[in-house]
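What follows is a single structure, written as structure tokens, with notes after it.
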There are 2 protein chains.
Amino acid sequence: MPVTIRDVATASGVHMSTVSRTFSAPHLVNPETRSRVLAIAEQLGYRPNRAARALITGRTHNLGLIVADLANPFFPPLIKAAEGQARQRDHHIFVADANEDPLVEEELVLAMAKQVDGVLLCSPRMSNSVIEQLSRDVPLVVVNRSIPGLPCVVMDVGQGARRAVEHLVELGHRQLALLGGPRGSWTNREIRRSAVAAARLAGAELAIISPNPPTEEGGYAAAELVVRDPATAVLAYNDLMAIGLLEGLDELGVGVPDQVSVVGIDDIELARRTRPKLTTVATPAGAAGRAAVDMLLQHGDDRRTTAQAVLQTELVVRESTAPPSAAAAGAETSNRE
Amino acid sequence: MPVTIRDVATASGVHMSTVSRTFSAPHLVNPETRSRVLAIAEQLGYRPNRAARALITGRTHNLGLIVADLANPFFPPLIKAAEGQARQRDHHIFVADANEDPLVEEELVLAMAKQVDGVLLCSPRMSNSVIEQLSRDVPLVVVNRSIPGLPCVVMDVGQGARRAVEHLVELGHRQLALLGGPRGSWTNREIRRSAVAAARLAGAELAIISPNPPTEEGGYAAAELVVRDPATAVLAYNDLMAIGLLEGLDELGVGVPDQVSVVGIDDIELARRTRPKLTTVATPAGAAGRAAVDMLLQHGDDRRTTAQAVLQTELVVRESTAPPSAAAAGAETSNRE
DNA sequence: ATGAAAGCGCTAACAT
DNA sequence: ATGTTAGCGCTTTCAT
């Protein structure tokens with residue numbers, strides 16, 4: 001039923017190889033023949049079978065993209081940017097959701113391996129060694145994680161976390177809390193490391209509440225813990241958690257930023273729309289997606305360069321941060337009511 | 001570099017075909033040989049090349065899934081459910097984002113055609129005829145749209161819209177507005193049709209504000225139009241728009257539900273978290289994803305049955321709807337201030 | 001139970 | 001500029 005290269009060949013009275021050339025190396029075929037073949041192909045509705053072609057060329061013109069969780073609004077902009085970039089380079093992107101599960105992640109890479117020219121691993125939860133292992137089967141570019149020897153695209157969340165802490169300290173906060181993300185997250189470790197260092201440097205205390213699911217629910221559920229802590233300001237692993245925290249605090253009657261300041265990370269679309277609007281560390285998701293695609297595509301030609309792109313982040317101050325209130329400040333000496 | 005079936009054959013001292021059988025028809029091979037081959041394959045890290053296998057069997061064990069917009073939170077639950085179902089059936093799902101663009105959509109289907117056993121088209125923006133055309137190249141299941149002769153999974157949004165209108169009327173509203181979605185959306189037409197009918201039946205007026213981008217921005221931007229309209233209650237094309245509208249109205253100092261009631265459609269996660277919590281028509285996205293996968297998979301065996309699954313929707317009343325206020329009710333006779 | 005051979009749709013030398 | 005041939009990695013008759 002599907003029309004093959006052979007059908008086109010017979011119908012246009014040339015050999016298969018000529019039809020093949022018409023598509024993959026047009027300049028090698030007589031213009032007249034070419035247009036005739038093209039016409040027939042069009043008329044027959046012929047479409048080259050990319051899978052069959054890949055079997056021999058070794059290039060599928062497909063890229064795989066695996067994300068930890070499709071439902072996290074941080075990813076769609078990254079994915080869309082990657083798709084746009086890939087399209088420009090005549091490639092297609094197949095997305096798959098790993099469900100925050102390292103095993104699923106691994107299985108997906110293996111399943112994709114032979115059908116794509118490379119895989120973008122976004123915020124992988126697998127161990128470094130598993131990723132290194134996998135990278136022998138298929139070219140990999142890792143996003144949101146740094147692994148020595150592998151091409152990586154990371155956002156400088158460490159710098160972002162530092163800026164966030166500095167911002168809070170400048171406002172007068174001395175008791176901070178960090179709402180950590182999931183285990184196995186490189187980003188989480190980076191944030192914690194920088195936040196701890198920055199707090200120490202500024203002479204502020206930093207309580208760590210961790211691990212938590214990197215979701216709104218996670219932030220929402222953590223609201224109680226935050227309230228029990230003497231912290232007057234909290235930095236969350238990502239915007240989703242920060243937003244959940246906002247809701248949780250509101251539910252508990254704790255005013256933001258009056259009683260507690262909240263900072264997120266990512267600057268997802270929604271961060272502009274909360275009440276109060278969320279102060280957050282903007283990460284360039286779109287740029288990361290494009291960079292990752294570029295690295296994957298050029299990595300194919302030259303397997304030696306394993307560049308590590310570091311993208312800058314930026315603190316966006318909105319309404320969820322303010323100086324600690326007199327009431328809260330007093331809590332350090334007197335008891336809370 | 002990649003290890004092939006031939007490598008395994010030589011290493012285990014049997015013929016390729018035996019290795020092949022070990023994987024695709026284990027019962028046809030001697031248990032001893034089988035375990036030996038399996039051991040060697042494991043040790044060599046052999047993975048059958050699905051693409052090569054597909055060339056001959058005609059089945060890739062991959063499914064394509066194309067969504068109108070990955071950034072719409074309505075889709076992730078559907079996608080995740082579809083992936084789960086596919087995994088159970090030993091299939092993988094490749095997702096792609098059509099960017100609300102019919103042309104991109106078509107291109108994606110064509111690109112996927114030979115690499116998947118079928119494609120799930122979610123909320124397609126293409127014309128019926130284009131879809132019908134494409135369905136000759138690759139098995140298609142359409143979600144959120146009804147096309148005669150094609151297997152479809154639709155949510156009964158018409159019934160949902162009717163219930164929403166009835167709910168509003170029961171509360172006492174007589175001036176309603178419908179915030180429509182994008183052109184080319186089957187769902188949009190269904191909603192409009194049912195809402196109009198239900199309003200007429202109930203003796204209420206229904207203004208139609210359309211088309212709008214089916215996004216938060218779309219709803220936000222429409223707030224002004226809503227305020228100019230005498231309507232005391234509005235039904236939005238989806239939750240995203242309803243939430244945007246909530247924000248827009250808030251910005252304009254219009255209280256919800258005190259001055260205007262708002263109803264969404266979809267019941268996305270976020271709808272539970274807005275302030276006020278959104279009254280909405282819940283659509284069973286997960287069930288739709290699973291049903292679509294099932295249809296696609298059984299459709300492969302039996303091309304004649306083109307079932308149309310209709311999934312029920314349900315009105316979820318939360319806090320964004322209330323009786324019209326005296327002030328607003330008075331606006332019909334006196335002038336608004 | 002296993003081997004031999006043909007071929008899926010296509011491309012890539014190598015001829016001519 | 002075009003045809004011939006071989007073969008990518010795998011499955012599937014058909015023999016044995």
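Reckoned from all heavy atoms, side chains included, excluding hydrogens, waters and symmetry mates.
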Residues pairing under ring pair (Phe, Tyr, Trp, His ring centres under 6.0 Å) where one sits in residues 44-71 of chain B, two or more places apart or in two chains, turn out to be B:Phe23-B:Tyr46, B:His61-B:His91
Check every strand shown and say whether B:Ser20 touches a base, only sugar-phosphate, or nothing at a heavy-atom separation below 4.0 Å. base
Under a 4.0 Å heavy-atom cutoff, the residues of residues 33-54 of chain A touching DNA chain D are A:Thr33
Between CZ of B:Phe23 and P of D:dG9 the distance, given in whole Å, is 16 Å
Residue pairs passing the ring pair (Phe, Tyr, Trp, His ring centres under 6.0 Å) test with at least one member in residues 98-121 of chain A, sequence neighbours excluded, are none
Output field dot_bracket for DNA chain D (Watson-Crick or G-U, both distances under 3.5 Å, | for other-strand pairs) contains ||||.|||||||||||
**Prompt:** Is it true that A:Asp137 and B:Arg47 make a salt bridge, defined as a side-chain N closer than 4.0 Å to a carboxylate O?
**Reply:** no
### Query
Does any N or O in the side chain of A:Ser185 come within less than 3.5 Å of the main-chain N or O of A:Gly181, such that one atom is a donor and the other an acceptor?
no
A:Arg183 and A:Asn188: CA distance, side-chain angles, deciding distance, side-chain hydrogen bond (donor to acceptor under 3.5 Å, both in side chains) verdict = CA-CA 8 Å; A:Arg183 292 181 201 291; A:Asn188 193 42; over 6 Å; no
To the nearest angstrom, the CD1-C1' distance between A:Ile5 and D:dT4 comes to 15 Å
Check: Does the side chain of A:Thr57 get closer than 4.0 angstrom to OP1 or OP2 of D:dC8 through an N or O atom?
Finding: no
To the nearest angstrom, the CG-P distance between A:Asn30 and D:dT2 comes to 5 Å
Bounded by its outermost nucleotides with an atom under 4.0 Å from a heavy atom of chain B, the footprint on DNA chain C reads C:dA1 to C:dG9
Assign each of A:Arg21 and B:Arg21 the nucleotide of DNA chain D bearing its closest heavy atom; nearer the 5' end lies the nucleotide of A:Arg21
CG (B:Leu28) and OG1 (B:Thr22) are apart, to the nearest 0.5 Å, by 10.0 Å
B:Ile56 atom CD1 is separated from D:dG7 atom C1', nearest whole Å, by 14 Å
When rounded to whole Å, the CG to P distance for the pair B:Leu55 and D:dC8 reads 13 Å
Residues passing the side chain to side chain donor-acceptor pair (under 3.5 Å) test with B:Ser123, sequence neighbours excluded, are B:Asn144
Quick note, ring pair (Phe, Tyr, Trp, His ring centres under 6.0 Å) partners involving residues 119-149 of chain B, not counting sequence neighbours, are none
Residues pairing under ring pair (Phe, Tyr, Trp, His ring centres under 6.0 Å) where one sits in residues 94-131 of chain A, two or more places apart or in two chains, turn out to be A:Phe94-B:Phe94
Here the residues of residues 8-17 of chain A within 4.0 Å heavy-atom distance, strictly under, of DNA chain C are A:Met16, A:Ser17
Q: List the steps, then state whether side-chain contact (heavy atoms from CB on, under 4.5 Å) holds for B:Ser17 with B:Arg21.
A: CA-CA 6 Å; B:Ser17 43; B:Arg21 278 187 280 257; 3.6 Å; yes
Residue set satisfying ring pair (Phe, Tyr, Trp, His ring centres under 6.0 Å) with B:Phe75, at least two apart, ordered chain then number -> none
Across all chains, not counting sequence neighbours, the side-chain contact (heavy atoms from CB on, under 4.5 Å) partners of A:Ala11 are A:Ile40, A:Leu44
Does B:Ala285 offer a backbone N or O that forms a donor-acceptor pair with the side chain of B:Thr283 under 3.5 Å?
-> no
Quick note, salt bridge (Lys or Arg N to Asp or Glu O under 4.0 Å) partners involving residues 102-113 of chain A, not counting sequence neighbours, are A:Glu107-B:Arg87
Integer angstrom distance from the C1' of D:dT5 to that of C:dA6 = 16 Å
